[in-house]
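Quick note on labels: first sequence line is chain A, next is B, and so on, each numbered from 1.
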Amino acid sequence: MATTTTTKKRLETGHNAELAGIFHQMASCYRYLGAKQRFRVIAYDNASRTLNGLKDDISTYAADVKTLDKLHGVGESIASKILEYLQTGHVATFEQLKHRVPPGLLPLMDINGFGPATVKTLHRKLGISNQEEMISAIESGRLERLKGFGPKRIDNMRKGLKLFAGQHARMLLWEAMHIGNAILKEVLAIPGIKKAGLAGSLRRRKETIGDIDIVATAGKKDWKKIIGQFISLPGVERVLAGGETKASILLERNKAQVDLRLVTDREYGSALLYFTGCREHNIALRTWAKGQGWKLNEYGVFDAETDKWLAGATEEEIYQLFGMHFIPPELREERGEIDMARKGLLPRLIETKDIRGDMHVHSTWSDGTAEISEIAEYIRKSYPGYEYVVITDHSPSQRVARGLTPQEFGRQFAEIDKLNAKLGLPFVRRGVEVDILPDGSLDLSDHLLQQFDWVLASVHSNLNQDNTDRLLKACENPLVCCIGHPSGRLIGKRESYPVDWEKLIAGAVRTGTALEINSQPERLDIPDVVAKEAAAKGVMLAIGTDSHAINQFDFMTMGVSVARRGWCTKENILNTFPWKEIERFRSSKRSR
DNA sequence: GCCGTTTTCGGCCCGACTGTTTTCAGTCG
């Protein structure tokens with residue numbers, strides 16, 4: 001039974017996702033059943049969100065009833081349903097709810113343009129009870145006879161269904177940044193715009209982005225014209241909304257949705273704060289402000305009694321009024337940041353400029369597309385703050401990635417030495433990404449591993465097993481400096497293999513092994529929540545781009561974002577230090 | 001159904017846009 005296997009911890013596991021899905025559907029049921037249930041809807045939605053955000057499998061929390069109750073949004077009733085699910089595989093209340101709400105209607109309520117009222121009306125009047133029937137009812141024109149269903153509304157529903165069928169997935173942070181910056185530039189060029197900035201999950205640097213939010217200031221007289229220009233920018237596929245103060249467009253590129261919100265100068269800070277979120281952070285901040293006698297909304301901070309405007313032009317002045325430290329957007333996830341900001345205890349987060357070198361780069365020796373000399377030259381030109389780059393090509397078992405034999409590594413060393421001699425400084429470091437074999441041993445001999453400046457050990461095979469012991473065994477090897485992409489996930493494509501993070505973090509601390517923050521946009525591995533815990537426990541982290549081409553070194557900003565979302569200072573990140581310190585880190589492990 | 005620097009009861013963020021309505025309900029973020 002699931003509860004007896006609680007030692008198997010996973011990231012974003014089946015348990016969490018499935019249970020979150022059940023609670024989300026239960027929320028939809030209650031939404032359908034009417035306004036009287038609206039607070040129950042909120043409760044189940046909150047519980048669903050909490051489950052989706054968990055670092056470890058829910059069964060690890062369920063081992064003890066108290067830890068389950070500590071989870072935000074989980075009270076007595078929901079806790080008992082979680083236990084029931086873990087023991088029986090289902091939730092009886094949900095099974096009963098399905099008798100009162102046709103189950104086929106639940107997914108419909110997740111579609112743009114379909115709320116509970118609409119779905120209910122169509123079920124009652126036309127007997128529609130699933131998505132297929134909805135589509136055929138719309139196409140056959142049966143909706144047009146109904147009161148309240150005009151042509152525009154029906155058209156909107158049709159578009160919602162089409163969009164949903166396309167399942168436009170969330171964008172990776174990297175591509176969202178590019179689209180966001182490009183569109184921001186165009187917004188800034190619209191006459192009348194004074195200031196504009198990205199908000200939302202993009203500003204918080206979340207690993208995936210749903211839509212792109214932009215907040216801008218302009219004189220009110222210009223608003224109408226600005227909205228008009230915004231919705232007719234080149235590359236706009238469809239206008240989703242276009243009101244007096246905000247507009248929403250769908251771009252051809254990536255089918256990305258972009259929302260623009262116009263405000264006045266003195267509202268800019270409060271609007272930025274509001275539209276940066278996250279939702280839970282906003283609610284917590286507003287609720288706290290309310291308790292202090294203020295009202296916070298996107299127009300500013302107001303005295304709750306007199307409604308007098310007190311602050312709002314900048315985020316800084318709002319935090320100052322609240323007596324808080326400025327909360328960097330990456331921390332606004334309702335993970336204790338408000339409390340820490342009030343106490344003035346927020347960490348001073350690492351910045352990209354603190355980085356002194358790239359810890360994970362592939363060359364043409366294995367599966368990279370650039371020569372080592374090319375890499376060195378490019379980095380020295382483009383990243384003047386860098387003092388080193390570690391070439392980490394693959395070991396022999398990675399045949400598809402043209403892993404190097406011991407002899408080839410010998411020749412690579414000679415090339416690196418020659419290049420460094422030419423440069424007049426040891427800029428290029430001998431590294432390796434050595435495979436951790438299924439039994440936890442390494443793909444290269446200790447004799448060879450000793451000759452590297454940096455040994456990164458990664459799992460590339462047998463991805464479906466629990467890999468905790470395998471990773472721990474690699475940590476135990478004194479020659480391994482760092483574990484590469486520890487979770488093995490590919491965002492949106494492949495979940496993490498099971499890892500007991502607590503055990504791995506403890507193992508990394510015990511053995512003096514670093515964990516990688518891999519900056520590849522679809523990896524971002526370790527994930528931010530794990531980075532936070534690892535850093536808090538004293539694990540050193542090493543950020544690498546895992547570059548396979550000359551244009552990938554900028555991925556470093558992605559890795560830094562993960563570190564920032566993990567509350568890391570530069571002291572937590574190995575490659576903010578000069579190489580001498582990295583050598584010290586390596587030899588201190590070897591001499592243990 | 002959850003929660004507490006005001007609370008174990010009585011709240012639960014708060015405002016904009018749309019379509020179809022003659023004043024607002026539904027939906028969204």
task: Return yes if the base of dG15(B) and the side-chain atoms of Tyr274(A) contain a donor-acceptor N/O pair under 3.5 Å, otherwise no.
output: no
Output the single nucleotide from [options] whose closest atom is nearest the side chain of [X].
X: Arg261(A); options: dC13(B), dA16(B), dG29(B); result: dA16(B)
X: Lys246(A); options: dG15(B), dC3(B), dG1(B); result: dG15(B)
X: Ala43(A); options: dT27(B), dG15(B), dC2(B); result: dC2(B)
X: Arg342(A); options: dG19(B), dT5(B), dA16(B); result: dT5(B)
X: Thr245(A); options: dT27(B), dC17(B), dC2(B); result: dC17(B)
X: Ala241(A); options: dT20(B), dC14(B), dT18(B); result: dT18(B)

- prompt: Would a line drawn from the ring center of Tyr299(A) to the ring center of Trp309(A) be shorter than 6.0 Å?
  reply: no
field: Trp294(A) and Phe302(A) aromatic centres sub-6.0 Å
entry: no
Across the strands shown, which category fits [X] at heavy-atom distances under 4.0 angstrom: base, sugar-phosphate, nothing?
X: Ile111(A); value: sugar-phosphate
X: Tyr299(A); value: sugar-phosphate
X: Gly113(A); value: sugar-phosphate
X: Gly242(A); value: sugar-phosphate
X: Phe149(A); value: sugar-phosphate
X: Val74(A); value: sugar-phosphate
X: Ile42(A); value: nothing
X: Gln292(A); value: nothing
X: Arg38(A); value: nothing
X: Gln37(A); value: nothing

For atom [atom1], what is the distance between [N] and [M], given to the nearest Å?
N: dC2(B); M: dT7(B); atom1: C1'; answer: 14 Å
N: dT8(B); M: dC14(B); atom1: C1'; answer: 27 Å
N: dC13(B); M: dG29(B); atom1: C1'; answer: 12 Å
N: dA16(B); M: dG11(B); atom1: C1'; answer: 24 Å

In whole Å, I'd like the distance from the [atom1] atom of [X] to the [atom2] atom of [N].
X: Arg153(A); N: dT21(B); atom1: CZ; atom2: C1'; result: 12 Å
X: Phe275(A); N: dC14(B); atom1: CZ; atom2: C1'; result: 11 Å
X: Lys159(A); N: dT18(B); atom1: NZ; atom2: P; result: 13 Å
X: His72(A); N: dG4(B); atom1: NE2; atom2: C1'; result: 12 Å
X: Arg31(A); N: dC28(B); atom1: CZ; atom2: C1'; result: 11 Å
X: Asp307(A); N: dC14(B); atom1: CG; atom2: P; result: 12 Å
X: Arg203(A); N: dG29(B); atom1: CZ; atom2: P; result: 20 Å
X: Asp69(A); N: dC2(B); atom1: CG; atom2: P; result: 9 Å

Check this one for me: any side-chain N or O of [X] less than 4.0 Å away from OP1 or OP2 of [N]?
X: Arg286(A); N: dC13(B); answer: no
X: Lys290(A); N: dC12(B); answer: yes
X: Thr118(A); N: dG26(B); answer: no
X: Asn282(A); N: dC13(B); answer: no
X: Asn112(A); N: dC28(B); answer: yes

- prompt: Within the stacking criterion (centroid distance below 5.5 Å, interplanar angle below 30°), does Phe39(A) stack on dC12(B)?
  reply: yes
field: Test side-chain hydrogen bond (donor to acceptor under 3.5 Å, both in side chains) applied to Arg205(A) and Thr557(A), step by step
entry: CA-CA 10 Å; Arg205(A) 300 284 189 265; Thr557(A) 56; over 6 Å; no
- prompt: Heavy atoms, side chains only, cut-off 4.5 Å: are His325(A) and Arg342(A) in contact?
  reply: no
Any side-chain heavy-atom pair of Asp45(A) and Arg31(A) under 4.5 Å: yes
- request: To the nearest 0.5 Å, tell me how far Arg49(A) CZ sits from His72(A) NE2.
  value: 10.0 Å
- request: Tell me yes or no: between the side chains of Tyr268(A) and Glu315(A), is some donor less than 3.5 Å from an acceptor?
  value: no
message: Please check: side-chain N/O of Arg204(A) versus main-chain N/O of Thr276(A), any donor-acceptor pairing under 3.5 Å?
response: yes
query: Counting only Watson-Crick or G-U wobble pairs whose two distances fall under 3.5 Å, which nucleotide matches dT8(B)?
result: none
